[in-house]
Novice: 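Have a look at this one.
Note that the numbering runs from 1 along the sequence shown for the chain. The structure presented is a predicted model; accordingly, all values stated were derived computationally and were not measured. Atoms within a ligand are numbered from 1 in the order they appear, just like the ligands themselves.
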Amino acid sequence: MSDLARYIRNIPDFPKPGIQFKDITTLLQNPFAFKLCLDELEACVGKSVDVVVGTESRGFIFGAPLADRLGAGFVPVRKPGKLPDKTYSESYDLEYGTDTLEIHRDAIAKGQKVVIIDDLLATGGTMVATTKLVEKAGGHIEAILFVVELEFLNGRTKLADYNVKSLVKF
Ligand code: AMP
């Protein structure tokens, strides 16, 4: 496994009892670790891509510098009401209730090659919604990247149709 695990801090019982929160701020604040993380993400993307899509909000932190390294554009997938132009939207189930994500309708041209990134894969609901948005917009998903994967939650099974890579597994 990647050396990056030692830079990720575990916060027990945040934001509520029973959750082991994987805090990536300790990775980000260390210039060596942040660069190593971007090096490893870049190495996961074998071929040229047109667009990196990042999911709000921690997907933006890794997605924007990764897009720059890959010579690709960056497209944000955002919480409802944040994007000013016409959007596609997707709702997904949470433990209690639902949540929604949006993408600009014109953010991706038909057939463009897309890499999606988020900081962490838990149950997979967030990423399934993001894949649907990218495909509605016309993108072709080449790979889905995560810095952290919580393997015991089996989120990967919901993404079985895609090339999923993660750097650190807990
Ligand atoms: P899920 O949709 O269940 O895969 O949840 C993924 C999203 O929730 C990601 O955007 C993560 O940032 C956040 N998340 C879920 N569980 C954790 C956790 N244990 N530690 C840190 N972030 C988490």
Novice: Would a 4.5 Å heavy-atom cut-off, applied to side chains only, mark Thr87 and Ile103 as touching?
Specialist: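 The answer is no, as the side chains (C-beta and beyond) never meet within the 4.5 Å cut-off.
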Novice: Less than 4.5 Å apart, side chain to side chain, heavy atoms only: is that true for Leu27 and Cys37?
Specialist: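 Yes. Closest side-chain heavy atoms under 4.5 Å.
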Novice: For atom 20 (N) of ligand 1, what is the nearest protein heavy atom, given as residue, atom name and distance?
Specialist: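 The answer is Lys22 N, 3.0 Å.
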Novice: Tell me, do Ile108 and Val114 make a side-chain contact under 4.5 Å, heavy atoms counted?
Specialist: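 Yes. Closest side-chain heavy atoms under 4.5 Å.
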Novice: Return the residue, atom name and 0.1 Å-rounded distance of the protein heavy atom closest to atom 22 (N) of ligand 1.
Specialist: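 The closest one turns out to be Arg58 NH1, 3.5 Å.
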Novice: Once you restrict to heavy atoms under 4.0 Å, what part of Asp119 touches ligand 1? Side chain, backbone, both or neither.
Specialist: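 Only the side chain of Asp119 comes within reach of ligand 1.
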Novice: Can you find a heavy atom in the side chain of Asn163 that is under 4.5 Å from one in the side chain of Lys165?
Specialist: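 In short, these two side chains touch, coming nearer than 4.5 Å.
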Novice: Heavy-atom contacts with Asp118 under 4.0 Å: which atoms of ligand 1 show up? List them by number with element.
Specialist: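 Close to Asp118: 9 (C), 10 (O).
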Novice: How far is atom 4 (O) of ligand 1 from the closest protein heavy atom, and which atom is that?
Specialist: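 Residue, atom and distance for the closest contact: Gly124 N, 2.7 Å.
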Novice: A side-chain contact here means heavy atoms from C-beta on lying under 4.5 Å apart; do Glu40 and Leu36 qualify?
Specialist: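 Of all side-chain heavy-atom pairs linking Leu36 with Glu40, at least one is under 4.5 Å.
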Novice: In the protein, what heavy atom is nearest to atom 23 (C) of ligand 1, and what distance, to one decimal place, separates them?
Specialist: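 In this structure, atom 23 (C) of ligand 1 has Leu120 CD2, 3.5 Å as its nearest protein heavy atom.
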Novice: When you look for heavy atoms under 4.0 Å from ligand 1, do you find them on the side chain of Gln20, its backbone, both, or neither?
Specialist: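 Just the backbone.
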Novice: In ligand 1, which numbered atoms sit nearer than 4.0 Å to a non-hydrogen atom of Leu150?
Specialist: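 Result: 19 (N).
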Novice: Per the side-chain hydrogen bond (donor to acceptor under 3.5 Å, both in side chains) rule, which among Thr100, Asp99, Thr98 passes with Ser91?
Specialist: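 Considering Thr100, Asp99, Thr98, a side-chain hydrogen bond (donor to acceptor under 3.5 Å, both in side chains) with Ser91 is found only for Thr100.
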Novice: Where does Thr126 meet ligand 1, judged by heavy-atom distances below 4.0 Å: at the side chain, the backbone, both, or neither?
Specialist: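 The answer is both, backbone and side chain.
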Novice: Are Ile144 and Thr131 close enough that some pair of their side-chain heavy atoms sits under 4.5 Å apart?
Specialist: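 They are in contact (side-chain heavy atoms under 4.5 Å apart), so the answer is yes.
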Novice: Check for me, please, whether Val164 and Tyr92 land in the same ILVMFWY cluster - side-chain distances under 4.5 Å, paths through other members count.
Specialist: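 In one cluster with Val164: Tyr92, yes.
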Novice: Among all the protein's heavy atoms, is there at least one whose distance to atom 8 (O) of ligand 1 comes out below 4.0 Å?
Specialist: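 Not a single protein heavy atom is under 4.0 Å away.
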Novice: Hey, which atoms in ligand 1 end up nearer than 4.0 Å to a heavy atom of Thr123?
Specialist: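 In order of number, 1 (P), 2 (O), 3 (O), 4 (O).
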Novice: Within less than 4.0 angstrom of ligand 1, does Gly155 place any heavy atom?
Specialist: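 No, that is not the case, since the closest heavy atom of the residue is not under 4.0 Å from the ligand.
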